[in-house]
Amino acid sequence: MAMGRMRILVATATAAALAVAAAGSAGATAEGAHGPRPQREAAALTGTAKLYRPLGDDITFSIDAHLAAKDNMDPAKAYGTFSFSHYLHGRGGWARGRVDCLTTGGRTAVMTGVVTDSDTPFKGHRVGITVTDDGAHDRLGYTWESPDTETLTVPRCLGGAPFEFVKKGSGDFRVLPWHPVYPTK
């Protein structure tokens, strides 16, 4: 009986050692032969969703904003595209543009960009959009909620508080958190 238990203990210990070794080699593969692989992106904000409005307005935002890992400390080197539209009873407008800044913190992202094409007064203007990625309860804000939209000047990397709610089931936004690296000397 003691010999049978000994075999079980040895077999269990061997299996555990093999599992640890496999996990270690999987980690080495994930990190690469020369340490951690460089991360492809320092930050990102992606997704498409409609905003909730009780009257049924069709308001859609699409964002594909990225900051490359090599540009981690310069959010103004962000790139990508964005678009938005707002229609109610067949009236409204649309805009699309190019991203010129992206910062993220936790699940919240702020991006700015210049509108390159639109049937609204936004063409040629910089706008700011803020998103909070909260699973099924994403929120979004923008810089043109004020009455002086046509004269509003938005600096890079500045957005409005995410005061709007994303319509349930209409889409989702994803935020990749930014981790700036500060000098230590």
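Basis for what follows: all heavy atoms, side chains included, without hydrogens, waters or symmetry-related copies.
Annotation: side chain of Asp57 is in contact with side chain of His86 (closest heavy-atom distance under 4.5 Å). Taking 4.5 Å as the limit, some side-chain heavy atom of Leu102 sits within range of a side-chain heavy atom of Thr104. The side-chain heavy atoms of Thr130 and Thr108, taken from C-beta on, include a pair separated by under 4.5 Å. Under the 4.5 Å side-chain criterion, counting only non-hydrogen atoms from C-beta, Arg98 is not in contact with Tyr79. In this structure, the side chains of Val127 and Phe82 come closer than 4.5 Å at one or more pairs of heavy atoms. Taking 4.5 Å as the limit, some side-chain heavy atom of Ile129 sits within range of a side-chain heavy atom of Trp144. Side chains of Asn72 and His179 form no contact here, defined as non-hydrogen atoms less than 4.5 Å apart.
When Thr60, Asp119, Thr120 are each tested for a side-chain hydrogen bond (donor to acceptor under 3.5 Å, both in side chains) with Trp94, only one passes: Asp119.
Thr153 OG1 to Arg126 CZ: the interatomic distance, rounded to the nearest 0.5 Å, is 9.5 Å.
Put simply, the side chain of Ser118 never gets that close to the backbone of Lys123: no donor and acceptor are under 3.5 Å apart.
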Asp64/Ser62 under side-chain hydrogen bond (donor to acceptor under 3.5 Å, both in side chains): CA gap, chis, key distance, verdict: CA-CA 7 Å; Asp64 186 28; Ser62 292; over 6 Å; no

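Scanning all heavy atoms of the two residues, the minimum distance from Val166 to Ser170 falls at CG1-OG, 3.7 Å. Nearest heavy atom pair, residue Asp100 against residue Thr112, reads OD1-OG1, 2.6 Å.
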